[in-house]
Structure formats: structure tokens, C-alpha cells
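For reference, the structure discussed in these notes is given below.
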Amino acid sequence: MTRQTIYALSSGGLPSGVAVVRISGPATAAALQHLIGTLPSPRQASLRTIRNRNGDPIDSGLILFFPSPASFTGEDCAELQIHGGRAVVQSLLQCLSEIPGLRLAVEGEFSRRAFENGKLDLIEIEGLADLIAAETEMQRRLAVEHSSGHLSKLYDSWAERLTRCRALIEAELDFADEDDVPGSVSDQVWAEVNRLQSEISAHLANADAGEIIRDGFKVVIAGAPNAGKSSLMNALAQRDVAIVTDIAGTTRDVLQVDLDIGGFLVKLYDTAGLRETEERVEREGIRRAENLVAQADLVLYLHDQSSGLGAEHAVSGDARVNIGTKADLAVASDAFDVSISVQTGEGLDELRVLIGDRIARTVRPESLALPSRLRHKDSLAECLRAIGIALSAGELDLRAEELRVAANALGRITGRVDVENLLDVIFSEFCIGK
């Protein structure tokens, strides 16, 4: 069955200076001829007048035509760059809807076709989505690493090495009588598998760093009521996010705001004051605060210095730092990691540096070729589990099967699971069946 040709606005919200409408599918060339008369030269921008079915002009714009397979989707593809007024774009989309064989694309359909036609793998598609959504410099850099295929190349190289090991084992099992098959290859195979296990384990250990870069470093502000939590959130956000009063227990629910610190996304949470209470709503807020503290990458535990609190009230834990608040109302003290005053700004720059240093200590990858999604972690863990069984199993055919499972787990990450390439390796390297 002939695949339908799809179209959509690809350039975001309107109005805008320029709007880009994308078309992809077998009827792309016919659609362009319907709109502009003759096809432009492939991959060359051409200024044309776009007309409706009555010959009335819709707009003038740059038209680009990308014949298959040299296009984003691998199909015939076109981009129409027009003025970004709502009426202009709507008129063009209406005109496209009237052309036989064309329909409006569903969400993600252009990328789906790029994957199905081998133009992008799953990691590259996820990286492209992350690049569009990136709000910080580190998110952008991670997304570029993924969308450019660097992470995919790493996983493909591991899968190829596993395939080579399997090919050697299969040859020893099934073709031991052939003169051109080497003798025992166990030593070189299992030494290579051990190296792979170490490399993949080290890579998986950086998964938390990838998730932090992509999803954000969770910083929770905690402490007793009236310790200055909401005031600190407003000061760090540089706007009024939380309500601030001198009434204890004002904050009942969790409030959250995104910050950019050192190029990293920081998710900052303000929580209910921690204390014993019988008030039902406040107690629920405290329960939520305690749950969030347990999940945080960093907890800023606030202490009201004006009440005379000292180091004896500090909380311990690698993810916790003790912040003395209301420094303008208290005698200077070195009992806390940082002393701050939201009224004077004292210590706020130091606190931002502290948060940035904690992120840098937590996220220390040598490169940004990092797993950043749960499905990446799960497949890598499955790969390592299978390799571990292969290294410890006794029977050679069982060990070979576990290496197949390990390679397939890697293939699921990129979406390239190819069981046929094992035969290609066997016949090309060992000349079996000549």
C-alpha cells in the first residue's frame, strides 16, 4: 500500500517572522507543482509564489525540495519557508489539505519515518527531541552528543565486538572439523568479553550523571517553620514564587522552580516546615516534604540564626548542607556551611557556588556519551547481566546464547537488533562453505 504524504507546521508558535511547513512522502513533488508550478532544483532554495487551487497567491517564500533518499525522512521531502502570520500559515495548510493523498502529520511522525527509513536510530531521535527542549548549556551539549550519533556509535561498537566473539564461539562449536577455522579461541574471546564487561559497567555507572543533566539536579530547601525557606526560594529564583509571611506553617504544599546554575538545570523545591503538628493539611505537607528530602540530590537545611541556633542543630548526610539564615539579625557564626541573609544578599552568591560545586562533584563524566533515560539503563543492566552469566556458565553453547542476549540488549537501545549479521561475520572471516 502506498504510504500517505504528510505535512505540518514545523517551526513552532505563531505569529513569527518566518514559518516553516514541512511535507514528506511520495506525493511531495506533485504537491509542490500544485502550489508553485514547477519543481525547484534539488536542495537549492528558490523564491517562489505559492498559489491556491484558484491561482490566487497565498504568499511568496523560499522553497526547498529534497528528493529521496537524501532527506531527513528518507522520502521525498520539501520545506516551505513563508511569513509567519496565522492567516498565511492557515491558508497554506488548508490548501495542502485539499490536495489528494496528503494529510496532516501526527505528533512525531516525521521522526518516526526517519527511523523506519534508517535515517535516525532511537537514540538520535531522543537526542533530537532533547535538543529542541534544551533549556541549559549542559542539556544542549548532552542532546548534541546523542543526536549526532556519538552514543549510538559506542553501543554499535560494543554490539559488533560481542558479535565477533559469538562468531568465534559458533565456529568452534559447529565447524571444528574445517581446516580454516582456528583451534581453541576461548582465551581471546573471554578476555575480550571481560574487557567489554568493564567498559559497560563503567559507562552504566555514569547513568545518574546523564539523568541529572537531562532531568535536573534536585535541590530541596528544608527546615523548621519560619526558618526562611520561602524567602530563600524567592531570592534564588529572583521573583516571587512562594508566599512569605511571619505565620508559621504558611507553606503547606511543595513548590518548585527551575534554575540555571553553571549551565545545569537545577530543580529547586520549597517545602513545608518540619515540626510536630496535629493539623491535618500541614501534616500532609510535612509528609511530602520528608519524601522529597529522601529523594533529593542536595538538601539545603535551613536554621534561623536569629534564634540562637548553633552547630548542635546541624543535620548530617552527604546530600545535606547546613545553611544559617537571617545573618543580618544574628552574630556572625562559622557553625554552618553558609550563612545568608535574603534581606542584604549576604551569602547568596556563596550558596550558588556551593550548589554548582555539588553538581560538579556529582556529575563528573569524562565525556557526554552518557545514558540519560531509564530504558537505556535497563537495557545496559540486562546486557551486563547476560555477560555475567556468559562468563560464569560452564557449557559453551549456553555462553554463546547469553552473548546473543547481551548484544540484543544493546541493539534495543538504538533500535538496531540484527540477528543476521552473525552469519556475515562467520562466512567472511572463516570462509566456511567455500
Side-chain angles (χ1 to χ4, degrees), residues 121-124 126-127 142 145-146 149-176 181-214 363-430 432:
D121 63 33
L122 294 182
I123 293 178
E124 290 169 332
E126 290 169 338
L142 181 68
E145 188 79 12
H146 289 193
H150 293 168
L151 186 60
S152 300
K153 289 177 182 177
L154 177 64
Y155 293 157
D156 288 343
S157 71
W158 286 340
E160 288 171 7
R161 288 162 66 183
L162 284 169
T163 297
R164 189 173 299 276
C165 290
R166 288 172 52 214
L168 292 170
I169 294 170
E170 295 288 351
E172 185 173 1
L173 281 169
D174 298 335
F175 306 103
V181 176
S184 175
V185 294
S186 294
D187 290 345
Q188 76 178 80
V189 167
W190 301 115
E192 175 71 352
V193 174
N194 269 299
R195 285 192 292 271
L196 276 167
Q197 184 183 45
S198 298
E199 291 174 25
I200 297 171
S201 294
H203 178 74
L204 183 57
N206 284 322
D208 289 345
E211 287 188 355
I212 285 173
I213 293 173
R214 179 177 179 270
V363 183
R364 294 184 296 181
E366 294 181 0
S367 76
L368 285 175
L370 301 171
S372 62
R373 281 175 163 79
L374 180 59
R375 76 172 193 89
H376 301 170
K377 292 173 62 176
D378 288 346
S379 291
L380 288 167
E382 172 64 16
C383 176
L384 281 175
R385 185 198 66 79
I387 288 176
I389 295 175
L391 288 170
S392 60
E395 298 180 9
L396 198 57
D397 54 352
L398 176 59
R399 303 176 85 177
E401 170 62 16
E402 290 300 329
L403 292 186
R404 183 193 67 79
V405 172
N408 281 354
L410 288 173
R412 281 195 298 273
I413 303 178
T414 60
R416 286 195 288 262
V417 179
D418 183 6
V419 296
E420 296 299 322
N421 61 359
L422 175 59
L423 298 178
D424 295 337
V425 173
I426 291 177
F427 287 109
S428 65
E429 292 195 0
F430 295 96
I432 295 166

* To do: Could you walk me through whether Leu368 and Leu151 pass the side chain to side chain contact (heavy atoms under 4.5 Å, CB included) test, one step at a time?
  => CA-CA 9 Å; Leu368 285 175; Leu151 186 60; over 6 Å; no

**Asked** Hey, mind stepping through Asp208 and Lys377 against side chain to side chain contact (heavy atoms under 4.5 Å, CB included) and telling me if it holds?
**Response** CA-CA 9 Å; Asp208 289 345; Lys377 292 173 62 176; 3.6 Å; yes

- Item | side chain to side chain contact (heavy atoms under 4.5 Å, CB included) between His146 and Leu142, worked out | CA-CA 6 Å; His146 289 193; Leu142 181 68; 3.7 Å; yes

TODO: Apply side chain to side chain contact (heavy atoms under 4.5 Å, CB included) to the pair Ile200 and Cys383, showing each step before the final yes or no.
DONE: CA-CA 9 Å; Ile200 297 171; Cys383 176; 3.8 Å; yes

Between Tyr155 and His376, does the ring-ring contact (aromatic ring centres under 6.0 Å, His included) criterion hold? Intermediate values first, please. CA-CA 11 Å; Tyr155 293 157; His376 301 170; 7.0 Å; no

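Between atom CG of residue Leu370 and atom CG of residue Leu204 there is a gap of 11.0 Å, rounded to the nearest 0.5 Å. Here the OG-CZ distance, from Ser392 to Arg399, works out to 8.0 Å after rounding to the nearest 0.5 Å. Summarising the geometry, atom CD belonging to Glu145 is positioned 10.0 Å from atom CD1 belonging to Ile213; distances are rounded to the nearest 0.5 Å. Taking CD of Glu192 as the reference point, atom CD of Gln197 lies at 12.5 Å (rounded to 0.5 Å). The distance from atom CD of Glu401 to atom CD1 of Ile389, rounded to the nearest 0.5 Å, is 10.5 Å. Remark: Asp156 CG to Arg161 CZ distance equals 13.0 Å, nearest 0.5 Å.
Side-chain atoms of Arg404 never come within 3.5 Å of backbone atoms of Arg166 as a donor-acceptor pair (strictly under, hydrogens ignored). Formation of a donor-acceptor pair under 3.5 Å by the Asp121 side chain with backbone atoms of Glu124 is found in this model.
Ile387 is not listed as a side-chain neighbour of Glu402, based on a closest heavy-atom distance of 4.5 Å or more. Contact check for Arg412 versus Leu122: no side-chain heavy atoms found under the 4.5 Å cut-off. Side chains of Leu410 and Leu380 form a contact here, defined as non-hydrogen atoms less than 4.5 Å apart. Counting only heavy atoms from C-beta outward, the side chains of Arg373 and Glu211 never approach each other to under 4.5 Å.
We find that Arg214 and Glu126 are not joined by a salt bridge, their nearest charged nitrogen and carboxylate oxygen being 4.0 Å or further apart.
Geometrically, Arg195 does not engage Trp190 in a cation-pi contact, judged by NZ or CZ lying under 6.0 Å from the ring centre and within 45° of the ring axis.
Summarising the geometry of Gly210 relative to Ser372, their closest heavy-atom pair is O-CB, 3.8 Å, with the distance given to 0.1 Å. The nearest pair of heavy atoms linking His203 to Ala369 is CE1-O, 3.0 Å.
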